[in-house]
Amino acid sequence: MGTGRVAFITMLELHNLVCRYGKIAAVKGISLAVKRGQLVALIGANGAGKTTTLKSISGLLPPAEGQILFEGRDVTRGTARDMLSLGIAHAPEGRRVFPQMTVEENLEMGAYLRRDGRAIAQDMERVFEQFPRLAERRAQVAGTLSGGEQQMLAIGRALMSRPKLLLFDEPSLGLAPNIVERTFAIIQEIRTSGTTILMVEQNAYAALEMCDYAYLLESGSLALEGSGQQLLSNPHVRTAYLGG
Amino acid sequence: MGQFLQHLVNTLILGGTYALLGIGLTLIFGIMRVVNFTHGELYAFGAYAVFALSMLLGANFFLALVLALLGGMALGALIEIVLLRPMRGADIDTTMLVMIGAWIIMQNLEMLTWGGVAKAVVTPFPEVPLVIGSVSVSYLRVFVLVMALVLIAATYFLINRTKLGKAMRATFQDADTAALMGVSINRIYTATFAIGSGLAAAAGALLGPVFLAFPTMGDLAALKSFAIVILGGLGSITGATIGGFILAFVEELGAGYVSSGYRDAMGFVIIILVLMFRPTGLFARAERIG
Ligand SMILES: Nc1ncnc2c1ncn2[C@@H]1O[C@H](COP(=O)(O)OP(=O)(O)OP(=O)(O)O)[C@@H](O)[C@H]1O
Ligand SMILES: [Mg+2]
């Protein structure tokens, strides 16, 4: 990596991030960093604050305290639109495709902020090459797709903004085992092609296996961090999250 | 038979403007979940705007119609930004109370400005009606129908074929996810309220010259809009379009075959019947917009 990029090695930094719903703090002062080109996993039990953390990174939920830096810039007060135009895309929990829109319209929504019509069309064709099942269903409304197809659509839609950083919230949730495997393979491909990834996963084993670095969140605070292998061999993680 | 044909023609003419009212209200409710009690006042605004522009300021009638539509949109945008935006996230009851307050204020302002006497608008259309067989209809009314159909078509086009429309549909289906796509929800809400209000103002601008402009005209229009939206299913543009024509038809029959005094009661009858027997509206499939 050239020296000109040194300032960018850390892509995303959270400093003492606090997020509240009303008076209740769901995230209680966490600090983490995602480096360019990494796949970072954020794991933790139900209600630990994983989704909340992603929502505040993507601008859906302004943090109560703390700081969010993206490529060295303070973006703590950014709206969802600001974050997207900086290059942060968020594939939300539960996929959240637009159910009454066609597959194509969903992908177009992913490119909503872009103005380069021809490149958008090319990117859409690339998504269809990557996900042939979506190509067959271009004109089908997304609400009638299977869960796996919806997940592919949600991923394709997130890619349509050409993000630098992609946030995945439980991409394996509710999918059949073979589709889960396929989903993780696709996420790894996306990383290989140069997009940085921050991924929230309940499936701790798979997430730790594939990530470069991981954070463990417990009741809104960071309990542990380290490489995937370090966390995999940690006794606490083994008993609490990997089933012994 | 001849009389029935006449009723059908009247239905078409009234139904077009009713559809405009219904579409405007259902768009706002569908996308913003706001029960818009100022809708009728925007209708009255449209009628008074045409009166003021063409009768007092001497503007061309057609220009006055266009300006009434644009003025309605501007007024709607203003209401959204000043009254609704600060209350984002407040519960629906609070918003409803504020809108009721706005409705009362607007109506009283109309009374203050124009007085209680109804105002008539003179149009460039010939006084003698068009007579075909046993059916007679004024040129103005034919023009009103054509304009209403044009506006309905324009709204369909906007919602289904433009980028703004796509963002509106996305916001309707899932506002948070739409925001993640870069849609500015505030702008969509303002645009939605402006478009819905513009349609109400256009309906008033078109029907004002047919009937008269008077300060309480908005009340009946609001009631009818609610009847149409309940009939067509909340959030359904197609439902509101069909609902507008159905209400007009029922009113015509009520006025023609029961008693002309019952015309305006038909909206209530429809609301009660629909809520009793099919509370999701006649045309509601799943919730959708478009
Ligand atoms: N909109 C909300 N309003 C109030 N409280 C909320 C809201 N969303 C989440 N919470 C609370 O914040 C805490 C963290 O929730 P969050 O969704 O971030 O957890 P999570 O780690 O993503 O859990 P899961 O694995 O179940 O998705 C929980 O206690 C939850 O009840
Ligand atoms: Mg979650």
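Keep in mind that this is a model prediction, so the values were computed, not measured. In what follows, every chain begins at residue 1, and chains take the letters A, B, ... in the order their sequences are listed. Below, each value reflects all heavy atoms present in this structure, side chains not excepted, and no hydrogens, waters or symmetry copies.
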Close side-chain approach of A:R81 and B:R187, heavy atoms under 4.5 Å =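 Side chain of A:R81 against side chain of B:R187, heavy atoms only: contact under 4.5 Å found.
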Enumerate, atom names and distances included, each donor-acceptor pair closer than 3.5 Å involving a side-chain atom of residues 220-230 of chain B, sequence neighbours excluded.
residue : atom : partner : partner atom : Å
B:K224  : NZ   : B:Y18   : OH           : 3.0
B:K224  : NZ   : B:E251  : OE2          : 3.2
B:K224  : NZ   : B:D264  : OD1          : 2.9
B:S225  : OG   : B:A221  : O            : 2.7

ask   = Under 4.5 Å, heavy atom to heavy atom, which residues of residues 143-155 of chain A contact chain B?
value = none
Close contacts, residues 112-121 of chain A versus chain B, judged by heavy atoms under 4.5 Å = A:Y112, A:L113, A:R114, A:R115
B:L180 CG to A:L84 CG distance, which is reported to the nearest 0.5 Å = 8.0 Å
request  = With rounding to the nearest 0.5 Å, note down the distance linking CD in B:Q173 to CD in A:Q100.
outcome  =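 The distance works out to 4.0 Å.
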task = Looking only at non-hydrogen atoms, find the nearest pair between B:A179 and A:A80 and report the distance.
result =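 That closest heavy-atom pairing would be O-CB, 3.4 Å.
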Minimum heavy-atom distance between B:M181 and A:M109, given as atom pair plus value = CB-O, 3.4 Å
message = Surrounding CD1 of A:I24 (heavy atoms of other residues, nucleotides or ligands, distance under 6.0 Å), is the total greater than 12?
response =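 Counting neighbours around CD1 of A:I24, 12 or fewer heavy atoms of other residues, nucleotides or ligands fall under 6.0 Å, so no.
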query = Is the number of heavy atoms from other residues, nucleotides or ligands within 6.0 Å of CZ (B:R161) greater than 12?
reply =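 It does not: B:R161 CZ has 12 such atoms or fewer within range.
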ask   = With the threshold set at 4.0 Å, does a side-chain nitrogen-carboxylate oxygen contact exist between A:E108 and B:K163?
value =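 Salt bridge: no.
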task = Go through the structure and list residues passing ring-ring contact (aromatic ring centres under 6.0 Å, His included) with A:Y215, not counting sequence neighbours.
result =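 Only A:Y213 meet the ring-ring contact (aromatic ring centres under 6.0 Å, His included) criterion with A:Y215.
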task = Report the option among A:K55, A:M83, A:H90 that has the most heavy-atom pairs separated by less than 4.5 Å from atoms of chain B.
result =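 So the answer, after comparing A:K55, A:M83, A:H90, is A:H90.
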Criterion side-chain contact (heavy atoms from CB on, under 4.5 Å) on B:T177 and A:R157, from CA distance to verdict = CA-CA 11 Å; B:T177 307; A:R157 185 180 63 183; 3.5 Å; yes
